[in-house]
Amino acid sequence: MKTAKKIIFWTLVAFALIQFFPIDRTNKPVDSAANFVEARKTPEKIRTLLKNACYDCHSNETVYPKYAFIAPVSWSVKSHVNEGREHLNFSTWETYNKDLKENMITKSIQTIQSKAMPMPGYIVYHKEANLSEAERALLVQYFEEMLKTKTY
């Protein structure tokens, strides 16, 4: 019994100590001229869907929820945001070349259709990101039109 109490005690001490090493949750400034929804003059419905379902991980406009301030959960959230921005950052859309934009749109269509995005774990805590079939179809249609007209 004494060993179990020691394990619990030291686990709580470690948990308390890691709270003193916060992660950087600072968003880089967003240049509206480079931002996807501004530069493309995205229709309001599409803009809302993108902001609700994509922008937290795929832009420099991340709104960190309360749970993202508690280690070690904060480490995981920050890792997901960093990875999302590496794959596609809507805030820097106009800095990408044409081939990269085309590739990102194609991948976006695939991940939306396969329901890989938004991530199921994200949807649990962000109900507004849970896209209906109609909303998914609307996003796919918008991206397919971009590919068809080569207006990225």
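The aromatic rings of Phe90 and Tyr55 sit parallel, their planes meeting at an angle under 30°, below the 60° perpendicular limit. Taking the six-membered ring where tryptophan is involved, the planes of Tyr96 and Trp93 are perpendicular, since the angle between them exceeds 60° and thus also 30°.
Hydrophobic clustering (side-chain heavy atoms under 4.5 Å, transitive across Ile, Leu, Val, Met, Phe, Trp, Tyr) groups Phe9 together with Leu17. Cluster membership for Tyr67 and Trp75, using ILVMFWY side-chain heavy atoms within less than 4.5 angstrom, is not shared. By the criterion of side-chain heavy atoms lying less than 4.5 angstrom apart, applied directly or through intervening Ile, Leu, Val, Met, Phe, Trp or Tyr residues, Leu100 is grouped together with Tyr152 in one hydrophobic cluster. Criterion: ILVMFWY side-chain heavy atoms under 4.5 Å apart, direct or through other members. Under it, Tyr64 and Val124 are part of a common hydrophobic cluster. Residues Val73 and Tyr125 share a hydrophobic cluster, clusters being chains of Ile/Leu/Val/Met/Phe/Trp/Tyr side chains in contact below 4.5 Å.
Here the shortest heavy-atom pairing between Ile23 and Ser74 reads CD1-O, 3.2 Å. Listed here is the closest heavy atom pair of Leu88 and His58: O-ND1, 3.1 Å. Here the closest heavy-atom approach between residue Tyr142 and residue Ile46 is recorded as CD2-CG2, 3.7 Å. Nearest approach of Pro120 to Ala116, heavy atoms of both residues: CD-O, 4.2 Å. Contact detail for Asn130 and Glu135: the closest heavy-atom pair is O-OE1, 4.0 Å.
Taking the side chain as every heavy atom from C-beta outward, Asp99 and Asn103 never approach each other to under 4.5 Å. At least one side-chain heavy atom of Glu145 sits under 4.5 Å from a side-chain heavy atom of Lys148. Contact of the Thr95 side chain with the Asn89 side chain is not registered, since no non-hydrogen atoms from C-beta on lie closer than 4.5 Å. Contact of the Glu61 side chain with the Ser91 side chain is registered, since non-hydrogen atoms from C-beta on lie closer than 4.5 Å. Contact annotation: the side chain of Glu133 approaches that of Lys115 to within less than 4.5 Å [non-hydrogen atoms, C-beta and beyond]. Considering only heavy atoms from C-beta on, Ser59 stays 4.5 Å or farther from Val30 through its side chain. Between Val13 and Trp10, the closest side-chain pair of non-hydrogen atoms falls below 4.5 Å.
Proximity of a side-chain donor or acceptor of Lys78 to a complementary backbone N or O of Asp24 within less than 3.5 Å is detected. The backbone N or O of Met104 sits less than 3.5 Å from a side-chain atom of Ser108, completing a donor-acceptor pair. Although no hydrogens or angles enter the test, the distance criterion places a donor-acceptor pair under 3.5 Å between the side chain of Gln19 and the main chain of Ala71. Formation of a donor-acceptor pair under 3.5 Å by the Asn27 side chain with backbone atoms of Thr62 is found in this model.
Environment of CD in Glu83: sparse, with no more than 12 heavy atoms of neighbouring residues, nucleotides or ligands closer than 6.0 Å. Dense packing is recorded around CZ of Phe69, with more than 12 heavy atoms of other residues, nucleotides or ligands lying under 6.0 Å away.
Look at Arg40 and Glu94 and you find no salt bridge, because none of the NZ, NE, NH1 or NH2 atoms lies under 4.0 Å from a carboxylate O. Under a 4.0 Å N-O distance rule, the pair Lys51/Glu128 does not qualify as a salt bridge.
Within the model, atoms CE of Met146 and CZ of Phe36 stand 4.0 Å from one another, a figure rounded to the nearest 0.5 Å. Atoms OG1 and CZ, from Thr111 and Arg136 in turn, are 8.5 Å apart once rounded to the nearest 0.5 Å. Rounding to the nearest 0.5 Å places OG1 of Thr26 at 11.5 Å from CG of Asn60. Note: Asn35 CG to Thr42 OG1 = 8.5 Å, rounded to the nearest 0.5 Å. Interatomic distance, CD of Glu86 versus SG of Cys57, reported as 12.5 Å (0.5 Å rounding). Between the CG atom in Leu147 and the OG1 atom in Thr106 there is a gap of 4.5 Å [rounded to 0.5 Å].
Residue Pro118 forms a side chain to side chain contact (heavy atoms under 4.5 Å, CB included) with just one option from Asp56, Ile112, Ile123, Asn52, and that option is Ile123.
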The test is side-chain contact (heavy atoms from CB on, under 4.5 Å); show your working for Leu139 and Leu50 and say whether it passes. CA-CA 8 Å; Leu139 279 175; Leu50 290 172; 3.9 Å; yes
side-chain contact (heavy atoms from CB on, under 4.5 Å) between Glu38 and Arg47, intermediate numbers included: CA-CA 9 Å; Glu38 302 297 330; Arg47 175 189 297 252; 2.9 Å; yes
